[in-house]
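To start, the structure under review is shown below, and the notes come after it.
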Amino acid sequence: MQVLKHPSVERVDHVDLDEFVIEVCREHFPWGSAWEDPRVTLHVADGAEFVRGAAGGSYDVVVQDSSDPFTWDSDGNRVDLPSNVLYSRPHMEEILRVLSPGGALNLQAETFQIPSDLEGIVEWRAQAMDLGYADARYGSLIISSYPTGQIGFLLCTKSLGGGESPPSLSDIEERYTDMVRRGQRTAYYQPKLQFSSFDLPLWVEEAMYGTSIISQIEGEGDEL
């Protein structure tokens with residue numbers, strides 16, 4: 001529904017494995033009419049299979065909001081769940097293939113508050129960079145219904161801007177103001193989150209990226 005608030009969006013392919021989930025959403029959620037938008041095509045299908053069958057370079061954006069890829073049993077052993085395939089190297093490679101130049105993948109990426117989840121985030125980011133994504137950054141969200149109250153996403157871009165400057169805060173505020181004036185306001189998102197979501201606690205930044213402001217300061221000290 002949030003994607004459809006942008007008039008620049010021309011086409012949305014929504015892929016879901018469980019048709020019953022769609023029907024429940026239609027009946028009980030205020031945004032249940034989203035599938036009536038003429039720009040939307042619903043595909044009740046396996047997501048990984050759908051991506052494999054898509055043409056190369058055919059999508060500007062892929063949003064993968066899947067269930068958790070793994071859990072732990074009572075003995076402390078990791079148990080892979082069905083959605084684990086959506087985090088696998090072959091699937092991430094297929095997504096890279098179907099993205100247009102400059103396209104982006106937004107991937108559900110767990111919470112950094114749980115050590116095993118943080119390990120997964122680091123692994124998925126390293127995998128994305130190894131496959132050839134130009135950048136992969138973790139953004140944090142506050143969701144009270146999720147364990148620890150925090151979850152995040154991994155924003156992976158296929159290529160960096162080709163010399164084009166990213167939008168400024170004033171550009172984003174202008175676009176958001178237009179949305180609000182069209183009656184398309186949001187409940188969570190606001191323009192400043194476009195940047196601040198990627199500001200992480202120091203220990204998380206060091207775990208994910210291997211560097212931080214501390215290493216920069218220490219490096220400056222070495223030069224002195």
Side-chain angles (χ1 to χ4, degrees), residues 14-25 28-29 43-54 59 61-99 104-158 188 197-212 214-215:
H14 179 204
V15 184
D16 200 292
L17 186 62
D18 191 341
E19 188 173 12
F20 181 68
V21 170
I22 304 298
E23 295 308 316
V24 169
C25 291
H28 296 287
F29 285 87
H43 305 266
V44 179
D46 179 283
E49 184 177 336
F50 182 88
V51 172
R52 287 195 298 271
Y59 289 97
V61 177
V62 174
V63 179
Q64 182 172 290
D65 185 16
S66 66
S67 55
D68 294 348
F70 61 84
T71 188
W72 302 90
D73 65 20
S74 57
D75 295 324
N77 299 309
R78 172 169 162 160
V79 178
D80 287 342
L81 299 174
S83 60
N84 188 264
V85 66
L86 300 178
Y87 292 78
S88 68
R89 185 181 182 91
H91 179 65
M92 291 287 285
E93 199 166 19
E94 285 292 332
I95 292 179
L96 182 63
R97 179 186 64 81
V98 303
L99 284 173
L105 162 66
N106 195 336
L107 176 75
Q108 191 274 102
E110 301 294 354
T111 176
F112 57 66
Q113 303 279 23
I114 300 174
S116 58
D117 282 9
L118 180 56
E119 291 174 4
I121 299 166
V122 172
E123 178 185 325
W124 301 328
R125 181 180 183 276
Q127 176 177 260
M129 299 301 292
D130 186 56
L131 283 171
Y133 287 87
D135 193 20
R137 293 187 300 151
Y138 182 88
S140 181
L141 302 169
I142 304 302
I143 300 181
S144 59
S145 60
Y146 198 83
T148 79
Q150 182 273 330
I151 196 171
F153 58 92
L154 200 59
L155 182 62
C156 308
T157 50
K158 185 168 183 175
Y188 182 91
S197 293
F198 297 96
D199 294 330
L200 304 172
L202 180 60
W203 59 273
V204 177
E205 185 171 301
E206 290 180 329
M208 290 188 188
Y209 305 114
T211 60
S212 69
I214 295 297
S215 59

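We number each residue from 1, following the sequence as shown. The model shown is predicted, which means the values in this text are computed figures rather than measured ones.
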Between [X] and [Y], is there a donor-acceptor pair closer than 3.5 Å when you use the side chain of the first and the backbone of the second?
X      : Y      : value
Asp73  : Asp75  : yes
Tyr188 : Ile142 : yes
Ser197 : Gly139 : no
Thr157 : Ala134 : no

*No-hydrogen, no-angle side-chain donor-acceptor test under 3.5 Å, Gln150 and Thr111*: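 Present: a donor and an acceptor within the cut-off.
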
Scan the side chains in residues 115-124 for donor-acceptor partners under 3.5 Å anywhere in the protein, sequence neighbours excluded, and list what turns up.
residue	atom	partner	partner atom	Å
Ser116	OG	Trp72	NE1	3.2

If the condition is ring-ring contact (aromatic ring centres under 6.0 Å, His included), which residues does [X] pass it with, not counting sequence neighbours?
X      : answer
Tyr209 : none
Phe29  : Trp31
Phe153 : Phe198
Tyr138 : none

*Would you say Gln113 and Pro147 make side-chain contact, with heavy atoms under 4.5 Å?*
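When only atoms from C-beta onward are counted, Pro147 and Gln113 do not touch, as no gap falls below 4.5 Å.
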
_Student check: side-chain heavy atoms of Val51 and Val98 closer than 4.5 Å_ =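 Yes; the side chains approach each other to less than 4.5 Å.
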
*Any pair counted as salt bridge (charged side-chain N to carboxylate O under 4.0 Å, His left out), so long as it reaches residues 82-96, sequence neighbours left out*: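 Pairs touching residues 82-96 that pass the test: Arg89-Asp130, Glu94-Arg97.
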
Donor-acceptor list for residues 15-24 side chains, cut-off 3.5 Å, not counting sequence neighbours:
residue	atom	partner	partner atom	Å
Asp16	OD1	Asp18	N	2.9
Asp18	OD1	Phe20	N	2.9

Could you list the residues that satisfy side-chain hydrogen bond (donor to acceptor under 3.5 Å, both in side chains) with [X], not counting sequence neighbours?
X      : result
Thr71  : none
Tyr133 : none
Gln64  : His91

*Residues two or more places apart in sequence or in another chain: which of them pass salt bridge (Lys or Arg N to Asp or Glu O under 4.0 Å) with Asp80?*
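Checked Asp80 against salt bridge (Lys or Arg N to Asp or Glu O under 4.0 Å); matches are Arg78.
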
*asked:* My understanding is that only residues two or more places apart in sequence, or in another chain, count here; which of them pass salt bridge (Lys or Arg N to Asp or Glu O under 4.0 Å) with Arg52?
replied: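 Partners of Arg52 by the salt bridge (Lys or Arg N to Asp or Glu O under 4.0 Å) criterion come out as none, since no residue qualifies.
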
So which heavy atom on [X] is nearest to which on [Y], and how close?
X      : Y      : answer
Glu110 : Pro69  : OE2-CD, 3.3 Å
Ile114 : Thr148 : CG1-CG2, 4.1 Å
Leu86  : Ala48  : CD2-N, 3.9 Å
Met92  : Ala128 : CE-CB, 4.1 Å
Ala54  : Tyr59  : CB-CE1, 4.0 Å

